[in-house]
Amino acid sequence: MIKNFIRKLIFRYKCSSDAYVEHLKKCGVQIGENVEIFCPKDTVIETLNPHLLTIGNNVSMTGPVTILNHDYSVCVLKNWTGGEILGKQKKTIIGNNVFLGWGCIVLPGALIKDNTIIGAYSVVAGELEGESVYAGNPARKLFSLADYYKKIKGSQIDDACNVYIQYKRKHGCPPSNRSISRILFLV
């Protein structure tokens, strides 16, 4: 309890996923239900123009994700032109049931459609079709969500055996039913 109080005192709205989501809503970001920000203190979600950002339902963001709806690189043009001020702000939309991998960056004007997985350290620009898996810089489609499902489903037994073997090697005994369920995300 004291730890949570101190965490809230230090990190304020970035002390937890729920606090960050509430902050975004108060700022005016259109944000859905069941949004999870796994590392809120390291995540940057722009609120300068909250009306230009939409985050759907069931969105999961791992580590230090960055979501932008502006690009102030035009400041170079301001200096180059002798003071002409140009703006570059675009609506950024993250659909429903989207996973944003560790360290990914969503650039201004990006549209990530529903049921999409974005891999770690990807840079998202433009429109990404739904029901797909993307990765890279720039993010490129790797395969459909249906193909990814088949791939993951096909490797479940091998993955479970590997987890079991590695646990037993490290701890000198097999994992309990509760431990193995937690390890394999079954609970």
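All values reported here derive from a predicted model rather than from experimental measurement.
A donor-acceptor pair is defined here as one N or O able to donate and one able to accept, closer than 3.5 Å; such a pair exists between the side chain of S144 and the backbone of D147.
Under a cut-off of 6.0 angstrom, the local environment of OH in Y149 is sparse, with at most 12 non-hydrogen atoms contributed by other residues, nucleotides or ligands. By the 6.0 Å contact criterion, CD on Q166 is enclosed, its count of non-hydrogen atoms from other residues, nucleotides or ligands being greater than 12. Counted within 6.0 Å of NZ on K25, heavy atoms from surrounding residues, nucleotides or ligands total more than 12; the atom is thus considered enclosed. Heavy atoms of other residues, nucleotides or ligands lying less than 6.0 angstrom from CZ of F99 number more than 12.
Of all heavy-atom pairs between G130 and S132, the closest is O-OG, 2.8 Å. A125 and A110 make their closest contact through CA-CB, 4.5 Å (heavy atoms, listed as atom of the first residue, atom of the second, distance). When all heavy atoms of H70 and P108 are compared, the closest pair comes out as O-CG, 3.0 Å. Taking both residues in full, the closest heavy atoms of S16 and A19 are given as OG-N, 3.1 Å, listed atom of the first, atom of the second, then distance. Minimum heavy-atom separation, T43 to Y20: O-OH, 3.3 Å. The minimum heavy-atom distance between N115 and V98, with the atom names listed, is N-CG2, 4.5 Å.
Taken to the nearest 0.5 Å, the NZ atom of K91 stands 8.5 Å off from the CG atom of N69. Here CG of L77 is found 9.0 Å from CG of N79. Values are rounded to the nearest 0.5 Å. Distance check, rounded to the nearest 0.5 Å: OG1 of T92 to CG of N49 gives 10.0 Å. Note that the CD1 atom of I117 and the SG atom of C104 stand 12.5 Å from one another [nearest 0.5 Å]. To the nearest 0.5 angstrom, E46 atom CD is 8.0 Å from L53 atom CG. Taken from OH in Y134 to CZ in R140, the straight-line distance is 11.5 Å, to the nearest 0.5 Å.
Side chains of N58 and N97: a donor-acceptor N/O pair is absent below 3.5 angstrom, by distance only. With 3.5 Å as the limit, one finds a donor-acceptor pair spanning the side chains of S73 and D71. Between the side chains of N57 and E33, no donor-acceptor pair of N or O atoms lies under 3.5 Å.
Between Y164 and P175 there is a side-chain heavy-atom pair separated by less than 4.5 Å. Side-chain contact between M61 and I45 is present, with heavy atoms from C-beta onward closer than 4.5 Å. Two residues are said to be in side-chain contact when any heavy atoms from C-beta on lie closer than 4.5 Å; S60 and F38 meet this criterion. For the pair Q89/L48, no side-chain contact is recorded, criterion being any heavy-atom separation below 4.5 Å from C-beta on. With a 4.5 Å cut-off on side-chain heavy atoms, I165 and R169 count as touching. Using a 4.5 Å heavy-atom cutoff, the side chains of F143 and K151 are in contact.
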Residues I105, V124; criterion side chain to side chain contact (heavy atoms under 4.5 Å, CB included); working and verdict
CA-CA 6 Å; I105 300 170; V124 178; over 6 Å; no

Would V29 and H23 satisfy side chain to side chain contact (heavy atoms under 4.5 Å, CB included), going step by step from the backbone distance to the final call?
CA-CA 9 Å; V29 173; H23 170 75; over 6 Å; no

I would like to know whether Y121 and N137 meet side chain to side chain contact (heavy atoms under 4.5 Å, CB included); could you show each step before the answer?
CA-CA 8 Å; Y121 294 104; N137 178 5; over 6 Å; no

Show the numbers, then the answer: is there a side chain to side chain contact (heavy atoms under 4.5 Å, CB included) between L100 and V106?
CA-CA 9 Å; L100 300 175; V106 180; 4.3 Å; yes

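Using a 4.0 Å cut-off between a side-chain N of Lys or Arg and a carboxylate O of Asp or Glu, E129 and K141 qualify as a salt bridge. Looking at K113 and E131, no side-chain N of the basic residue comes within less than 4.0 Å of a carboxylate O on the acidic one, giving no salt bridge.
Both I94 and I31 are assigned to one and the same hydrophobic cluster, defined by single-linkage of ILVMFWY side chains at heavy-atom distances under 4.5 Å. The hydrophobic clustering, which links ILVMFWY residues whose side-chain heavy atoms are closer than 4.5 Å, places L24 and V65 together. Taking hydrophobic clusters as Ile, Leu, Val, Met, Phe, Trp and Tyr residues chained together by side-chain heavy-atom distances below 4.5 Å, L68 does not share a cluster with I93. Under the 4.5 Å side-chain heavy-atom criterion for grouping Ile, Leu, Val, Met, Phe, Trp and Tyr, V133 is not connected to I118 through any hydrophobic cluster. Hydrophobic clustering (side-chain heavy atoms under 4.5 Å, transitive across Ile, Leu, Val, Met, Phe, Trp, Tyr) keeps I85 apart from W80.
Screening D159, V163, I157, D158 for a side-chain contact (heavy atoms from CB on, under 4.5 Å) with C161, the sole residue that qualifies is I157.
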